[in-house]
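Please read these numbers as outputs of a predicted model, since none were measured by experiment. Computed over heavy atoms, backbone and side chain alike; hydrogens, waters and symmetry mates excluded.
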Amino acid sequence: MVRSGGYSAAMPPSARKGPATTPRYIAIAALLRDHIATEQLGPHTLLPSERELAERHGVSRMTARQALSLLESEGVVYRKPPRGTFVAEPRVRFHIGSFSEEVSRLGRRPAARLLWAEHQHPTPAVRIALGLDDQAMVNVFHRLRTVDDVPFALETTFLPADLTPGILDISDDGSLWAVLRDRYGLDLAKSTAVLESIVLDDASSAQLGVRAGSAGTLLTRRTEDGTGRCVEYARDVYRADRASFEVSEMLGAHRLSAV
């Protein structure tokens, strides 16, 4: 029984028996991944079962299960035993910048829930990132960010206290970048981020609504104003199954001409 409609069992050369080095489950996963993309299968479409995949491709159910598990780990599908395997919601593709502005740009609804906020002495790492002296203080927000009410990220944002007096008293459900621009007159000129793959701990997993040990993405960001002063340092933890990041860079002579 073909449940997803129009699914072809034709295997690419690397998926057939023979001297090819690509493991069968990887080839089957690639075929399913392409089918979802080319047929534009909508979220929550039911996919073939392990038994159906095994029969179509002449493999064991264990191999079929490996293929589906690979797609699940990538966030392409999700499983609802005993109902089956379904197409997942597409990832939200972010540029490096404001969470609220990026989500709104895509026509989705961003929101923030404050978990805690403090006026504190920065750790040495935060002090160095913000270029602060030993006596400086920071204002810190720790927020759960959602897209259309689905948990996406945990944001911890550090702001120099001398630049943001009273910011802990404002509404915290929107864009902090908008507050920095509109209330404090900061010219946000450059944002630099480092992305790292991590494993979510128990607390983060619970807050983000995923299983403990799920994959995550740690985004560490520094934002500078027009004078080159760092006005924001952030450590944001994203669900790897719901978010992707688009990065572009000028190359070769094009990069030099843009400087």
For this session: Assess whether side-chain contact (heavy atoms from CB on, under 4.5 Å) is satisfied between R113 and L115, documenting all intermediate values.
Result: CA-CA 6 Å; R113 179 164 65 87; L115 301 179; 3.6 Å; yes

Exercise. Does atom CZ of R93 have more than 12 heavy-atom neighbours, drawn from other residues, nucleotides or ligands, at distances under 6.0 Å?
Worked result: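 No, because the 6.0 Å sphere around CZ of R93 holds 12 heavy atoms or fewer from other groups.
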
Exercise. Above 12 or not: heavy atoms from other molecules or residues under 6.0 Å from CZ of R127?
Worked result: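 It does: R127 CZ has more than 12 such atoms within range.
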
For this session: Starting from the C-alpha separation in whole Å, work towards a yes-or-no answer on side-chain contact (heavy atoms from CB on, under 4.5 Å) for I36 and L47.
Result: CA-CA 9 Å; I36 291 170; L47 294 174; 4.1 Å; yes

Exercise. Hey, are S214 and S205 close enough side-chain-wise for a donor-acceptor pair under 3.5 Å?
Worked result: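 Per modelled atom types, S205 and S214 side chains form no pair under 3.5 Å.
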
Exercise. Between L159 and V231, is a side-chain contact (heavy atoms from CB on, under 4.5 Å) present by the stated rule, with each step listed?
Worked result: CA-CA 6 Å; L159 305 167; V231 298; over 6 Å; no

Would you compute the distance between atom [atom1] of [X] and atom [atom2] of [Y] and round it to the nearest 0.5 angstrom?
X	Y	atom1	atom2	value
E155	Y238	CD	OH	5.5 Å
I28	T22	CD1	OG1	12.0 Å
L180	L163	CG	CG	9.0 Å
L144	L114	CG	CG	10.5 Å
T164	M137	OG1	CE	11.5 Å
E101	F99	CD	CZ	12.0 Å

Problem set entry | Ionic contact status for D169 with R183, cut-off 4.0 Å |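 No, no charged N to carboxylate O under 4.0 Å.
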
Exercise. Salt bridge check: are K190 and D225 linked by an N-O gap of less than 4.0 Å?
Worked result: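 Looking at K190 and D225, the cut-off is not met.
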
Problem set entry | Sole candidate of R143, R221, R145 that passes salt bridge (charged side-chain N to carboxylate O under 4.0 Å, His left out) when paired with D236 |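 Of all the options given, the one that passes is R221.
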
Exercise. Residues in ring-ring contact (aromatic ring centres under 6.0 Å, His included) with F86, at least two apart?
Worked result: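 ring-ring contact (aromatic ring centres under 6.0 Å, His included) check on F86 returns Y78.
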
